[in-house]
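What follows is one structure encoded as structure tokens, with my remarks underneath.
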Amino acid sequence: MKYAHIVGWGAYLPEKVLTNDDLARMVQTSDEWIFTRTGIRERRIAGEQETTATLAFEAAARAIQVADLHPSQIDLIIVATSTPEYVFPATASQVQDYLGAVRAGAFDLAAACSGFVYGLDMAAQAIATGSIHTAVVIGAETLSRVLDWEDRGTCILFGDGAGAVALKGSSVPGGLLSSTLRSDGSGADLLTLPAVYHNPVPMLGPEYLRNGHDKNTIAMNGRQVFRFASKVVADSIAVVVKKAGLEMEDIDLIVPHQANSRIVESAAKRLKLPKEKFFLNVHRAGNTSAASIPLALCDAIAADKLKPDDNVVFVGFGGGLTWAAAVVKWQVTPPEVSFVDREWRRARYIYARGRSRLRKFGRKIGARLLGSPIPDARLRDADKK
Ligand code: UT7
């Protein structure tokens, strides 16, 4: 039996900050309304040259640096995202190329804001069965590109960013102790982002479009999602703690999806836990969907909230509806990373980009010289005659 331990972590937030006051100049809202209703003060917005894949790469590169892994040691890359540039290629394949992770499999995972916990579970189970030894699980989003900037009910909530963890198999007991993955598709219409290539009418009906949701932007029934979230956060934490054979007192830290600090307060009340048990960074990053849990985890580590042997719970919820939770035994201390090591790794990624370009070029030349790989059937038939 192998245990899947988190051995590295990394976060990346774009530079550009959008404050509540900035938003108040764009839609009818105020810093006071946003902060008291959500706990958000500011969020980050991706630059023109940044994509979900570049954000994901930055977070993953940091995670494998902390884990002291060479890119060629990575067996699997999972990117949880609702904002890929393409349906295919997967964002994960772009990240694989940027990292030069030449032996890795890669795929994207769509479970909205629960995606990171789903990905963590998938990777950990693959490690536990021995099918792989190492994995990088990333949550990455550029939600600013799919927001209706005239809808004050949603545009004030979301932000861009990426967070990642590196996982490694070990015979030392610990790592992922338990998990639960759930979905209730009857609530699909409560939180939606239609795909560009597909008319959403068949699933959600004409009433959905009459409500103004006729664009490829996020639409949400905030009150209903709030009610659902407060319940499932508390319920799923209780489920995974029990599954891990632990009591609530054994839990040292809960890192929830960062949607709204009031959801966390309500879940804490249901579980009769002090709200200090929950780590929040929603004030500075907003709701970054699949990226929010690993981003908050990195901030929690930076704030010294985790030490070896602590039990930490991750809990996500969102579109689908989906929700998921996991208990992880924390067993690592942040290593010192030297300047030389950091620069050496950067150089390696420049080499990976060069190698990727060379492969592209090689493919082009090969196609010119060799022509079609399919034998021309007509010519063959003519030869026979
Ligand atoms: O990551 C996916 C999961 N997503 C979530 O968990 C989000 C869950 N929902 C929420 O966080 C909250 O429902 C919101 C923050 C989105 C909204 O808070 P609320 O307390 O549920 O507000 P509400 O929708 O009930 O609206 C209350 C009032 C309304 O005005 P009236 O009808 O009472 O006059 C809204 O029009 O607040 C108004 N309002 C705003 N006012 C100022 C809605 N948005 C804004 C705004 N600024 N940005």
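When a ligand or atom number is given, it counts from 1 through the structure's own listing order. Since the model is a prediction, treat every value here as computed from it, not as a measurement.
- In His257, the part holding a heavy atom less than 4.0 Å from any atom of ligand 1 is the side chain.
- In this structure, of Gln258, Arg152, Arg37, the residue bringing a heavy atom nearest to atom 48 (N) of ligand 1 is Arg152.
- Under a 4.0 Å heavy-atom criterion, Cys113 is in contact with ligand 1.
- Remark: ligand 1 and Ala229 share no N or O pair separated by less than 3.5 Å (distance only, no angle test).
- Of the candidates Phe226, Phe228, Trp33, Trp33 brings a heavy atom nearest to atom 17 (C) of ligand 1.
- Of all the heavy atoms of Ile263, the ones lying under 4.0 Å from any atom of ligand 1 belong exclusively to the side chain.
- Atom 41 (N) of ligand 1 is approached by the protein to below 4.0 angstrom, counting heavy atoms only.
- Counting protein heavy atoms under 4.0 angstrom from atom 34 (O) of ligand 1 gives zero.
- A salt bridge links Arg346 with Glu58: at least one charged nitrogen is closer than 4.0 Å to a carboxylate oxygen.
- Figure legend: Arg353 and Tyr98 shown as a cation-pi pair, the cationic atom lying under 6.0 angstrom from the six-membered ring centre and within 45 degrees of its axis.
- Distance remark: protein heavy atom present below 4.0 angstrom from atom 5 (C) of ligand 1.
- At a cut-off of 3.5 Å, with distance as the only test, no side-chain donor of Thr38 or Asn260 sits close to an acceptor on the other residue.
- Of the heavy atoms in Thr154, none comes closer than 4.0 Å to ligand 1.
- Between Asp151 and Thr154, the side chains place a donor N or O and an acceptor N or O closer than 3.5 Å (distance only, hydrogens not considered).
- Using modelled atom types and a 3.5 Å distance limit, the side chains of Asp121 and Ser179 yield a donor-acceptor pair.
- Using a 30° and 60° split on the angle between ring planes, His257 and Phe317 fall in the perpendicular class, above 60°.
- Here atom 47 (N) of ligand 1 lies nearest to Thr29 when heavy atoms of Val27, Asn20, Thr29 are compared.
- For the pair Arg41 and Phe35, the cation sits on the ring face: its NZ or CZ lies under 6.0 Å from the ring centre, inside 45° of the axis.
- Using modelled atom types and a 3.5 Å distance limit, the side chains of Glu50 and Tyr12 yield a donor-acceptor pair.
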